[in-house]
Amino acid sequence: MTYVITSLCIDVKDAGCVPACPVDCIYIGERMLYIQPDECIGCGLCESICPVGAIWEDVELEDDDKPYIEVNAQYFNEAVSGLGSPNGAKALGASNVDHPVVSAHPAQKLNDRGNSVDLV
């Protein structure tokens, strides 16, 4: 079991989950955050603190969000981001790289209820 950050994080990047993570497995990309699945211990602290509901346990994802299991995992593939397995987000810092699915995603913003909406 691992946690996954979904498209609701794109262009929001609240990052309140980052200091809450006891194992430092949440990495900051250009447009969204990513959980390194091999580092995640499944504690759920990130899910409980996310203000936009972008983080879910992998087994609880709706079908529309299931591709983000691979998006999070592939983000750490050397060929996708150049990161590999950095073993700790704090030492790495923020990145200006995203998974191609995230890069291609339409721009979003928060509406007055705090939900992300696609920009037209």
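What you see below is based on every heavy atom in this structure, not just the backbone, and it leaves out hydrogens, waters and symmetry mates. Positions are given from 1, in the same order as the sequence printed here.
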Single-linkage hydrophobic cluster Ile26~Ile28, side-chain heavy atoms < 4.5 angstrom
yes
Any donor and acceptor pair, going by atom type alone, linking the side chain of Tyr75 with main-chain N or O of Val97 inside 3.5 Å?
yes
Quick one: closest heavy-atom pair of Tyr3 and Glu47, and the distance?
CE2-OE1, 3.3 Å
Decide whether Val18 and Leu92 are clustered together by the hydrophobic rule: side chain heavy atoms of Ile, Leu, Val, Met, Phe, Trp, Tyr closer than 4.5 Å, transitively.
yes
Can you find a pair of side-chain heavy atoms, one from Pro67 and one from Val101, that are under 4.5 Å apart?
no
List the steps, then state whether side-chain contact (heavy atoms from CB on, under 4.5 Å) holds for Leu33 with Cys17.
CA-CA 9 Å; Leu33 307 176; Cys17 56; 3.6 Å; yes
Any donor-acceptor N/O pair, Lys66 side chain to Asp58 backbone, under 3.5 Å
no
Would Ile69 and Val71 show up in the same hydrophobic cluster when neighbours are defined by side-chain heavy atoms closer than 4.5 Å?
yes
Which atom pair, heavy atoms only, marks the closest approach of Asp11 to Pro106?
OD2-O, 4.2 Å
Min side-chain heavy-atom separation Phe76-Glu39 under 4.5 Å
no
Beyond-backbone contact of Cys46 with Ile35, side-chain heavy atoms, under 4.5 angstrom
yes
Shortest non-hydrogen contact from Ile5 to Asn72?
O-ND2, 2.8 Å
Quick check on side-chain hydrogen bond (donor to acceptor under 3.5 Å, both in side chains): which of His105, Gln74, Glu70 does His99 satisfy it with?
Gln74
Drop me the distance from Asp38's CG to Cys25's SG, to the nearest 0.5 angstrom.
10.0 Å
Might you point out which heavy atoms bring Gly16 and Pro19 nearest each other, and give the distance in Å?
O-CD, 3.4 Å
Side-chain donor-acceptor pair under 3.5 Å between Tyr34 and Asp98, yes or no?
yes
Closest heavy-atom pair and its distance - Gln36, Tyr27:
CB-CE1, 3.7 Å
For the CG atom of Leu61 and the OH atom of Tyr68, what is their distance to the nearest 0.5 Å?
11.5 Å
For Ala20 and Leu45 the tightest heavy-atom approach is O-CD1, 3.5 Å
Within a strict 4.5 Å, meaning less than it, do heavy atoms of the Cys50 and Asp14 side chains meet?
no
Measuring only between side-chain heavy atoms, which start at C-beta, is Val4 closer than 4.5 Å to Asp65?
no
